[in-house]
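Note that this is a predicted model, so its numbers are computed, not measured. Numbers here simply count residues along the sequence, with the first being 1.
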Amino acid sequence: METFDAVRATFSATIKLTCRPTVTGLENVPKDGPFIIASNHLSFLDSVIIQALMPRKVAFFAKAEYFTGPGLKGKLMKTFFESVGSIPVQRGEQAASVAALASLVDILENNEGVGIYPEGTRSRDGRLYRGRTGVAWLALTTGAPVVPVGLAGTEKLQPAGSNGIKFSKFTLTVGKPLQFEHVGAKHPLPMRRKATDEIMDAIAAITGQERMEHYNQSPQTPI
(Lines give C-alpha, C1' and ligand atoms only; values in the text may rest on other atoms or scores of the structure.)
Protein backbone atom coordinates (compact mmCIF):
# COMPACT_ATOMS: atom_id res chain seq x y z
CA MET A 1 0.00 0.00 0.00
CA GLU A 2 2.90 2.36 0.62
CA THR A 3 3.95 2.28 -3.05
CA PHE A 4 0.37 2.79 -4.16
CA ASP A 5 -0.16 5.69 -1.78
CA ALA A 6 3.04 7.41 -2.89
CA VAL A 7 2.39 7.00 -6.61
CA ARG A 8 -1.28 7.93 -6.31
CA ALA A 9 -0.41 11.03 -4.30
CA THR A 10 2.12 12.12 -6.92
CA PHE A 11 -0.22 11.63 -9.87
CA SER A 12 -3.15 13.13 -7.97
CA ALA A 13 -1.17 16.26 -7.13
CA THR A 14 0.02 16.58 -10.72
CA ILE A 15 -3.48 16.25 -12.14
CA LYS A 16 -4.92 18.73 -9.65
CA LEU A 17 -2.16 21.25 -10.35
CA THR A 18 -2.25 21.04 -14.15
CA CYS A 19 -5.95 20.40 -14.83
CA ARG A 20 -7.73 21.87 -11.80
CA PRO A 21 -10.50 19.24 -11.91
CA THR A 22 -13.83 19.45 -10.13
CA VAL A 23 -14.18 16.25 -8.10
CA THR A 24 -17.29 15.45 -6.09
CA GLY A 25 -18.83 12.44 -4.37
CA LEU A 26 -15.66 10.66 -3.20
CA GLU A 27 -17.48 9.91 0.05
CA ASN A 28 -19.61 7.47 -1.97
CA VAL A 29 -16.66 5.12 -2.45
CA PRO A 30 -17.00 2.40 0.24
CA LYS A 31 -14.39 2.77 2.95
CA ASP A 32 -13.85 -1.00 3.12
CA GLY A 33 -14.86 -4.16 1.30
CA PRO A 34 -15.03 -4.80 -2.46
CA PHE A 35 -16.45 -2.30 -4.92
CA ILE A 36 -16.83 -1.86 -8.68
CA ILE A 37 -16.29 1.51 -10.36
CA ALA A 38 -18.48 1.77 -13.48
CA SER A 39 -17.69 4.86 -15.53
CA ASN A 40 -18.42 6.44 -18.86
CA HIS A 41 -15.35 6.57 -21.11
CA LEU A 42 -14.15 9.61 -23.08
CA SER A 43 -10.35 9.48 -23.06
CA PHE A 44 -7.51 6.97 -22.83
CA LEU A 45 -6.49 8.93 -19.70
CA ASP A 46 -9.74 8.13 -17.88
CA SER A 47 -8.29 5.12 -16.06
CA VAL A 48 -5.24 7.08 -14.90
CA ILE A 49 -7.49 9.89 -13.67
CA ILE A 50 -9.83 7.58 -11.77
CA GLN A 51 -6.99 5.59 -10.24
CA ALA A 52 -5.19 8.76 -9.17
CA LEU A 53 -8.17 10.57 -7.69
CA MET A 54 -10.08 7.77 -5.99
CA PRO A 55 -9.48 7.36 -2.24
CA ARG A 56 -8.91 3.62 -2.68
CA LYS A 57 -7.03 1.44 -5.13
CA VAL A 58 -8.92 0.67 -8.35
CA ALA A 59 -7.65 -1.99 -10.75
CA PHE A 60 -8.48 -1.59 -14.44
CA PHE A 61 -7.65 -3.61 -17.50
CA ALA A 62 -4.85 -1.81 -19.36
CA LYS A 63 -3.33 -2.39 -22.78
CA ALA A 64 -0.08 -4.31 -22.53
CA GLU A 65 1.62 -1.52 -24.51
CA TYR A 66 1.15 0.80 -21.55
CA PHE A 67 3.67 -1.32 -19.65
CA THR A 68 6.30 -1.29 -22.38
CA GLY A 69 6.28 2.29 -23.71
CA PRO A 70 9.61 4.02 -24.49
CA GLY A 71 11.26 6.95 -22.74
CA LEU A 72 10.36 8.80 -19.58
CA LYS A 73 6.64 8.81 -20.38
CA GLY A 74 6.69 5.05 -20.85
CA LYS A 75 8.54 4.51 -17.59
CA LEU A 76 6.14 6.72 -15.67
CA MET A 77 3.10 4.95 -17.14
CA LYS A 78 4.57 1.53 -16.34
CA THR A 79 5.32 2.59 -12.77
CA PHE A 80 1.83 3.96 -12.30
CA PHE A 81 -0.08 1.03 -13.79
CA GLU A 82 1.98 -1.54 -11.89
CA SER A 83 1.66 0.32 -8.61
CA VAL A 84 -2.14 0.55 -8.79
CA GLY A 85 -2.55 -3.09 -9.77
CA SER A 86 -3.69 -2.65 -13.38
CA ILE A 87 -4.06 -5.84 -15.36
CA PRO A 88 -2.20 -5.93 -18.72
CA VAL A 89 -4.29 -7.28 -21.60
CA GLN A 90 -2.86 -8.05 -25.03
CA ARG A 91 -4.53 -6.26 -27.95
CA GLY A 92 -7.07 -8.56 -29.52
CA GLU A 93 -8.12 -10.32 -26.32
CA GLN A 94 -11.74 -10.00 -25.27
CA ALA A 95 -11.61 -8.21 -21.92
CA ALA A 96 -15.40 -8.42 -21.65
CA SER A 97 -15.32 -12.24 -21.65
CA VAL A 98 -16.09 -14.22 -18.53
CA ALA A 99 -12.54 -15.64 -18.59
CA ALA A 100 -10.97 -12.17 -18.34
CA LEU A 101 -13.54 -10.97 -15.83
CA ALA A 102 -12.55 -13.86 -13.57
CA SER A 103 -9.31 -12.02 -12.80
CA LEU A 104 -11.39 -9.11 -11.50
CA VAL A 105 -13.40 -11.50 -9.33
CA ASP A 106 -10.19 -12.51 -7.56
CA ILE A 107 -9.47 -8.84 -6.75
CA LEU A 108 -12.99 -8.26 -5.46
CA GLU A 109 -12.82 -11.37 -3.30
CA ASN A 110 -9.71 -9.82 -1.76
CA ASN A 111 -11.93 -6.87 -0.69
CA GLU A 112 -10.37 -4.46 -3.18
CA GLY A 113 -11.78 -2.29 -5.97
CA VAL A 114 -11.93 -2.77 -9.72
CA GLY A 115 -12.94 -0.44 -12.52
CA ILE A 116 -14.74 -1.21 -15.76
CA TYR A 117 -16.22 0.76 -18.65
CA PRO A 118 -19.62 -0.74 -19.50
CA GLU A 119 -19.49 0.88 -22.96
CA GLY A 120 -16.49 -1.31 -23.75
CA THR A 121 -14.49 1.40 -25.52
CA ARG A 122 -14.30 5.16 -25.32
CA SER A 123 -16.98 7.31 -26.92
CA ARG A 124 -15.58 9.41 -29.75
CA ASP A 125 -18.69 11.55 -30.16
CA GLY A 126 -19.49 12.24 -26.50
CA ARG A 127 -22.65 10.14 -26.45
CA LEU A 128 -23.33 7.37 -23.93
CA TYR A 129 -23.68 3.97 -25.59
CA ARG A 130 -25.48 0.82 -24.50
CA GLY A 131 -23.75 -0.97 -21.65
CA ARG A 132 -22.21 -4.37 -22.09
CA THR A 133 -23.18 -6.83 -19.39
CA GLY A 134 -19.76 -7.66 -17.91
CA VAL A 135 -20.16 -5.09 -15.14
CA ALA A 136 -23.46 -6.63 -14.03
CA TRP A 137 -21.97 -10.12 -14.23
CA LEU A 138 -19.31 -8.99 -11.78
CA ALA A 139 -21.84 -7.41 -9.43
CA LEU A 140 -24.23 -10.36 -9.43
CA THR A 141 -21.41 -12.89 -9.14
CA THR A 142 -19.59 -11.25 -6.24
CA GLY A 143 -22.22 -9.13 -4.51
CA ALA A 144 -19.89 -6.12 -4.67
CA PRO A 145 -21.62 -2.72 -4.90
CA VAL A 146 -21.34 -0.79 -8.15
CA VAL A 147 -20.24 2.84 -7.84
CA PRO A 148 -21.32 4.88 -10.89
CA VAL A 149 -18.85 7.52 -12.05
CA GLY A 150 -19.39 10.33 -14.55
CA LEU A 151 -16.52 12.04 -16.36
CA ALA A 152 -16.89 15.24 -18.37
CA GLY A 153 -14.21 17.09 -20.33
CA THR A 154 -11.49 14.42 -20.22
CA GLU A 155 -11.68 14.09 -24.01
CA LYS A 156 -10.05 17.55 -24.22
CA LEU A 157 -6.90 16.23 -22.58
CA GLN A 158 -5.86 14.56 -25.81
CA PRO A 159 -7.66 16.07 -28.83
CA ALA A 160 -8.48 13.79 -31.77
CA GLY A 161 -5.45 13.13 -33.95
CA SER A 162 -2.98 14.35 -31.33
CA ASN A 163 -0.39 12.30 -29.46
CA GLY A 164 0.27 15.05 -26.93
CA ILE A 165 -1.57 15.89 -23.75
CA LYS A 166 -3.33 19.23 -23.38
CA PHE A 167 -3.96 20.27 -19.79
CA SER A 168 -7.63 21.18 -19.40
CA LYS A 169 -10.27 21.31 -16.70
CA PHE A 170 -12.54 18.30 -16.33
CA THR A 171 -15.16 16.99 -13.92
CA LEU A 172 -15.30 13.69 -12.05
CA THR A 173 -18.50 12.89 -10.16
CA VAL A 174 -19.04 9.80 -8.03
CA GLY A 175 -22.61 8.64 -7.54
CA LYS A 176 -24.15 6.63 -4.75
CA PRO A 177 -23.40 2.88 -4.80
CA LEU A 178 -25.87 0.48 -6.39
CA GLN A 179 -26.38 -2.83 -4.62
CA PHE A 180 -27.58 -5.88 -6.53
CA GLU A 181 -28.54 -9.33 -5.36
CA HIS A 182 -25.62 -11.69 -4.80
CA VAL A 183 -26.69 -14.67 -6.89
CA GLY A 184 -23.36 -16.12 -8.02
CA ALA A 185 -21.92 -16.71 -11.48
CA LYS A 186 -24.86 -18.73 -12.76
CA HIS A 187 -27.71 -16.30 -13.24
CA PRO A 188 -30.13 -15.59 -16.09
CA LEU A 189 -29.16 -13.15 -18.81
CA PRO A 190 -32.31 -11.00 -18.34
CA MET A 191 -31.24 -10.32 -14.74
CA ARG A 192 -27.79 -9.29 -15.97
CA ARG A 193 -29.25 -7.07 -18.69
CA LYS A 194 -31.60 -5.37 -16.23
CA ALA A 195 -28.77 -4.65 -13.79
CA THR A 196 -26.61 -3.28 -16.60
CA ASP A 197 -29.37 -0.93 -17.72
CA GLU A 198 -29.76 0.33 -14.14
CA ILE A 199 -26.03 1.04 -13.98
CA MET A 200 -26.12 2.91 -17.30
CA ASP A 201 -29.13 4.92 -16.10
CA ALA A 202 -27.13 5.95 -13.02
CA ILE A 203 -24.16 7.02 -15.14
CA ALA A 204 -26.42 8.96 -17.50
CA ALA A 205 -28.07 10.74 -14.57
CA ILE A 206 -24.63 12.02 -13.56
CA THR A 207 -23.29 12.99 -16.99
CA GLY A 208 -26.42 14.12 -18.83
CA GLN A 209 -25.02 12.54 -22.00
CA GLU A 210 -27.22 11.74 -24.98
CA ARG A 211 -28.10 8.03 -24.86
CA MET A 212 -27.60 5.58 -27.70
CA GLU A 213 -29.52 2.31 -27.88
CA HIS A 214 -26.76 0.38 -29.64
CA TYR A 215 -23.26 -0.69 -28.63
CA ASN A 216 -20.26 1.47 -29.33
CA GLN A 217 -17.73 0.11 -31.81
CA SER A 218 -14.04 0.92 -31.92
CA PRO A 219 -11.87 1.02 -35.05
CA GLN A 220 -9.58 -1.29 -33.06
CA THR A 221 -10.37 -4.13 -30.73
CA PRO A 222 -11.54 -2.59 -27.43
CA ILE A 223 -9.96 -3.73 -24.20
From L138 CG over to I116 CD1, what is the distance, rounded to the nearest 0.5 angstrom?
-> 5.5 Å
Pair V174-E27, side-chain contact (heavy atoms from CB on, under 4.5 Å): steps then yes or no | CA-CA 8 Å; V174 183; E27 69 277 4; over 6 Å; no
If you round to the nearest 0.5 Å, how far is CZ of R193 from CD of E198?
-> 11.5 Å
First locate atom CG of D46, then atom CG of L151, and finally report the distance between them rounded to the nearest 0.5 Å.
-> 5.0 Å
Minimum heavy-atom distance K176-P148, with the two atoms named | O-CD, 3.2 Å
At their closest point, which heavy atom of N216 faces which heavy atom of E119, and how far apart are they?
-> CB-O, 4.2 Å
Single-linkage hydrophobic cluster V48~L42, side-chain heavy atoms < 4.5 angstrom = no
What's the verdict on side-chain contact (heavy atoms from CB on, under 4.5 Å) for L26 and M54, showing C-alpha distance, side-chain angles and the deciding distance?
-> CA-CA 7 Å; L26 292 181; M54 287 292 154; 4.2 Å; yes
For T133 against T196, the heavy-atom pair lying closest together = CA-OG1, 3.4 Å
Under the side-chain contact (heavy atoms from CB on, under 4.5 Å) criterion, do I165 and T18 qualify, and how do the steps go?
-> CA-CA 11 Å; I165 296 175; T18 57; over 6 Å; no
Between H182 and L140, is there a donor-acceptor pair closer than 3.5 Å when you use the side chain of the first and the backbone of the second?
-> no
Out of curiosity, I199 CD1 to S39 OG, how far, rounded to the nearest 0.5 Å?
-> 12.5 Å
Does the side chain of V58 come within less than 4.5 Å of V29's, by heavy atoms?
-> no
Side-chain donor/acceptor of R8 to backbone N/O of K57, under 3.5 Å | no
Any side-chain donor-acceptor pair under 3.5 Å between T121 and Y129?
-> no
Under 3.5 Å side-chain donor-acceptor pair for S123 and Q209 | no
Please determine which of T154, L172, I15 meets the side-chain contact (heavy atoms from CB on, under 4.5 Å) test together with P21.
-> I15
Is it possible for you to say whether F180 and V183 belong to one hydrophobic cluster, with membership spreading through side-chain heavy-atom contacts below 4.5 Å?
-> yes
Can you name the nearest heavy-atom pair linking G175 to V147, along with the distance?
-> O-CG1, 3.7 Å
Given the rule in the side-chain contact (heavy atoms from CB on, under 4.5 Å) test, do I107 and I87 qualify, once you have shown the distances and angles that lead to the verdict?
-> CA-CA 11 Å; I107 295 173; I87 304 167; 3.7 Å; yes
How long is the span from the NZ atom in K156 to the NZ atom in K166, to the nearest 0.5 Å?
-> 8.5 Å
In one Ile/Leu/Val/Met/Phe/Trp/Tyr side-chain cluster, 4.5 Å: I206, I49 | no
Is it true that L76 and F167 fall in one hydrophobic cluster, defined by side-chain heavy atoms closer than 4.5 Å?
-> no
Are I37 and F11 connected in a single hydrophobic cluster, I mean Ile/Leu/Val/Met/Phe/Trp/Tyr linked by side-chain heavy atoms less than 4.5 Å apart?
-> yes
Is the CZ atom of R127 crowded by more than 12 outside heavy atoms at less than 6.0 Å?
-> yes
Would you name the heavy atoms of I50 and Y117 that are closest together and state the gap between them?
-> CD1-OH, 4.3 Å
Atom pair CZ/OG of F67 and S86 - distance to nearest 0.5 Å = 5.0 Å
Could you tell me whether a side-chain N or O of D197 sits under 3.5 Å from a main-chain N or O of K194, the two making a donor and an acceptor?
-> no
Of the non-hydrogen atoms in R211 and M200, which two are nearest, and what is the gap between them?
-> NH2-CB, 3.7 Å
